[in-house]
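All remarks here apply to the structure that follows.
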Amino acid sequence: MKILVVHRQKLTVDTIKSVLSGRNPVVRHTESGLDGLLTSRIEHFDLIICGTDLPVVTGFELVRSIRTHSINRSTPVIFLADEIDPKTMHLGEALGVSGMLGPEDVSVKLADLVSASVKLN
């Protein structure tokens, strides 16, 4: 499984790698939305996990651009939001994300959400 993780906090990225280690993922990590966007335009991924609050290009802008101008148009996306409020939920639904997690949910719910989102051969 090839995963693009776009998040500014290394500790969160390490947690994601740890939670998904049983799946032997290939994790490509970028810290800014712009780097994530450029990476997603040239490389195919099975899953994209991104924060909503990213430098340069926000997570929402990143996913909107991926959905319109990328080889990853139909790739499942999971948002990691500092706070999941009605506005964040609305934007996520409008962008067709597979799920949203708060920081406290990554170690508990990420594995199940990935299983539900990614169908591999």
Side-chain angles (χ1 to χ4, degrees):
M1 175 185 328
K2 192 170 177 184
I3 302 172
L4 173 62
V5 177
V6 186
H7 203 280
R8 63 171 49 184
Q9 295 177 346
K10 177 91 170 88
L11 182 60
T12 300
V13 176
D14 291 343
T15 302
I16 291 168
K17 287 179 181 179
S18 174
V19 168
L20 300 178
S21 64
R23 299 170 179 272
N24 297 319
V26 174
V27 176
R28 180 85 184 266
H29 172 234
T30 64
E31 291 182 4
S32 79
L34 180 59
D35 291 339
L37 179 59
L38 295 173
T39 302
S40 72
R41 286 191 175 181
I42 58 172
E43 211 172 322
H44 174 73
F45 294 93
D46 298 308
L47 176 66
I48 298 171
I49 300 173
C50 73
T52 55
D53 182 27
L54 299 170
V56 186
V57 175
T58 69
F60 300 110
E61 294 167 327
L62 168 65
V63 174
R64 187 189 74 222
S65 189
I66 286 172
R67 294 293 189 232
T68 58
H69 303 295
S70 167
I71 60 175
N72 290 290
R73 281 185 182 105
S74 59
T75 300
V77 174
I78 297 172
F79 269 146
L80 301 180
D82 292 333
E83 182 180 338
I84 300 176
D85 57 18
K87 180 181 176 183
T88 304
M89 293 291 291
H90 175 73
L91 288 170
E93 289 171 10
L95 293 168
V97 299
S98 298
M100 282 190 216
L101 297 174
E104 67 283 353
D105 296 330
V106 173
S107 21
V108 178
K109 297 180 182 176
L110 181 62
D112 290 337
L113 188 54
V114 169
S115 295
S117 301
V118 180
K119 307 293 185 227
L120 296 175
N121 299 335

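Quick note: numbers below take in every heavy atom, side chains included, and nothing from hydrogens, waters or symmetry partners.
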In one Ile/Leu/Val/Met/Phe/Trp/Tyr side-chain cluster, 4.5 Å: [X], [Y]:
X     : Y      : value
Val5  : Met1   : yes
Val57 : Ile71  : no
Val63 : Leu113 : no
Ile66 : Phe45  : yes
Leu47 : Val106 : yes

First locate atom [atom1] of [X], then atom [atom2] of [Y], and finally report the distance between them rounded to the nearest 0.5 Å.
X      : Y      : atom1 : atom2 : answer
Leu80  : Leu110 : CG    : CG    : 7.5 Å
Arg8   : Leu54  : CZ    : CG    : 7.0 Å
Thr52  : Lys87  : OG1   : NZ    : 10.5 Å
Phe79  : Leu95  : CZ    : CG    : 5.5 Å
Ser117 : Ile78  : OG    : CD1   : 4.5 Å
Thr68  : Arg73  : OG1   : CZ    : 7.5 Å

Nearest heavy-atom pair of [X] and [Y]: which atoms, and what distance?
X     : Y      : value
Arg41 : Ser65  : NH2-OG, 3.0 Å
Thr58 : Glu61  : N-OE1, 2.9 Å
Ala81 : Thr88  : CB-CG2, 4.1 Å
Ser40 : Ser70  : O-OG, 2.9 Å
Pro25 : Ile3   : CB-CD1, 3.8 Å
Thr15 : Ser107 : CG2-CB, 4.3 Å

Are the side chains of [X] and [Y] in touch, meaning some heavy atoms are under 4.5 Å apart?
X      : Y     : result
Ile42  : His44 : no
Arg28  : Lys2  : no
Val114 : Arg23 : yes
His7   : Ile16 : no
Met100 : Met89 : yes

| Does a side chain donor of either Asp112 or Ser115 reach within less than 3.5 Å of an acceptor in the other side chain? | no
Side chain to side chain contact (heavy atoms under 4.5 Å, CB included) between Arg67 and Val77, intermediate numbers included: CA-CA 10 Å; Arg67 294 293 189 232; Val77 174; 3.6 Å; yes
Side chain Thr39, main chain Asp35, donor-acceptor under 3.5 Å: yes
Which of Val56, Leu34, Leu37 passes side-chain contact (heavy atoms from CB on, under 4.5 Å) with Leu62? Answer is Leu37
